[in-house]
Participant: 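Supplied in structure tokens, the structure appears directly below.
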Amino acid sequence: MGLGTPVAMDTAAFDAIMAAVDSPLVVVTAAAGEQRGGCVAGFHTQCGLDPPRYAVWLSKANLTYRVALFASHLAVHLLDARDHDLAELFGGTTGDDVDKFARCDWTLGPAGVPLLDRCASVLVLQRTATCDTGDDHVCFIGAPVDARHQPGLRPFHLSDAADIEPGHAAEERPQDLDLRTELAAPPPQ
Ligand SMILES: Cc1cc2nc3c(=O)[nH]c(=O)nc-3n(C[C@H](O)[C@H](O)[C@H](O)COP(=O)(O)O)c2cc1C
């Protein structure tokens, strides 16, 4: 039986609750062939205990989503309160226009996933499932295969990013993309 069409509601109250939650922000990175992607994400959470699982939701508008579709691993980097510049680079610009990885220090992680040198707290996920509900974000679930954490992290929250305009609005949807051709193309300089 279908669950029916949700009724309209007060989105201002929803927005206010989300602002009160004030999620810590992460940077999700992925690699497929020569192509690398990375974007800020506020939609992420642990979603399994035994075995442990972690989920991130990526916007269909983002280059990172298109790269992640072809990646076996994702890295989830916790941003620190001092990382506004990284949040601006990965959340306020798109890899469709700029090579973000030429503008920050990173090293190769498991299965080629880029690890941002600045972020001392990072989870590497091996993808186990993907869930596309037909909405604007797709859920990527993974098993943690590596985790590094340095005590003393002061998380960078949604409210700390109020001045950052996302590189892609969630309602943007690339049309008629040939993903395999795109991923074979050299990344932007
Ligand atoms: C505060 C904030 C939260 C965001 N949360 C998400 C998110 O949960 N998932 C997502 O895919 N994009 C999210 N974005 C948007 C991307 O980070 C942004 O559009 C980025 O520029 C996309 O880069 P890309 O095209 O190189 O992947 C967020 C942006 C900001 C500023």
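One is the number of the first residue; the rest follow in order along the sequence. Remember, it's a predicted structure, so these values are computed and weren't measured experimentally. Read the numbers this way: they start at 1 and go in the same order the structure lists the ligands and their atoms.
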Participant: Quick one: which of Asp96, Thr94, Thr93 has a heavy atom closest to atom 21 (O) of ligand 1?
Facilitator: Thr93

Participant: Considering only non-hydrogen protein atoms, determine which one is nearest to atom 5 (N) of ligand 1 and report residue, atom name and distance to 0.1 Å.
Facilitator: Gly42 N, 3.1 Å

Participant: Using side-chain contact (heavy atoms from CB on, under 4.5 Å) as the criterion, list what pairs up with Ser121, not counting sequence neighbours.
Facilitator: Leu78, His149, Leu153

Participant: Taking only heavy atoms of Leu158, which atoms of ligand 1 are found under 4.0 Å from at least one of them?
Facilitator: 1 (C)

Participant: Within this structure, what is the CH2-OG1 distance for the pair Trp57 and Thr45, rounded to the nearest 0.5 Å?
Facilitator: 6.5 Å

Participant: Report the nearest protein non-hydrogen atom to atom 7 (C) of ligand 1: residue, atom name, distance rounded to 0.1 Å.
Facilitator: Ala41 CA, 3.4 Å

Participant: Among the heavy atoms of Phe90, does any lie under 4.0 Å from an atom of ligand 1?
Facilitator: yes

Participant: Can you check side chain to side chain contact (heavy atoms under 4.5 Å, CB included) on Val28 and His44, steps first, answer last?
Facilitator: CA-CA 10 Å; Val28 179; His44 61 98; over 6 Å; no

Participant: Which protein non-hydrogen atom lies closest to atom 10 (C) of ligand 1, naming both residue and atom, and how far is it?
Facilitator: Asn62 ND2, 3.5 Å

Participant: Heavy atoms only: which of Val40, Thr64, Asp97, Asp136 lies closest to atom 13 (C) of ligand 1?
Facilitator: Val40

Participant: Measuring from His157:NE2 to Asp22:CG, what's the distance to the nearest 0.5 Å?
Facilitator: 6.0 Å

Participant: Evaluate the salt bridge (charged side-chain N to carboxylate O under 4.0 Å, His left out) criterion for residues Asp85 and Arg103: first the C-alpha distance (whole Å), next the side-chain angles of each, then the deciding distance (0.1 Å), finally the verdict.
Facilitator: CA-CA 11 Å; Asp85 57 331; Arg103 299 178 185 203; over 6 Å; no

Participant: Please confirm whether Lys100 comes under 4.0 Å of ligand 1, counting heavy atoms of the residue only.
Facilitator: yes

Participant: Run the ring-ring contact (aromatic ring centres under 6.0 Å, His included) check on Phe140 and Tyr54 step by step: do they pass?
Facilitator: CA-CA 8 Å; Phe140 291 78; Tyr54 204 86; over 10 Å; no

Participant: What protein heavy atom is closest to atom 9 (N) of ligand 1, reported as residue, atom name and distance in Å?
Facilitator: Trp57 O, 2.9 Å

Participant: From the options Gly91, Gly95, Cys39, select the one whose nearest heavy atom is closest to atom 18 (C) of ligand 1.
Facilitator: Gly91

Participant: Students should be able to answer this: which protein heavy-atom is nearest to atom 19 (O) of ligand 1, and at what distance?
Facilitator: His168 N, 3.0 Å

Participant: How far is atom 11 (O) of ligand 1 from the closest protein heavy atom, and which atom is that?
Facilitator: Ser59 N, 2.6 Å

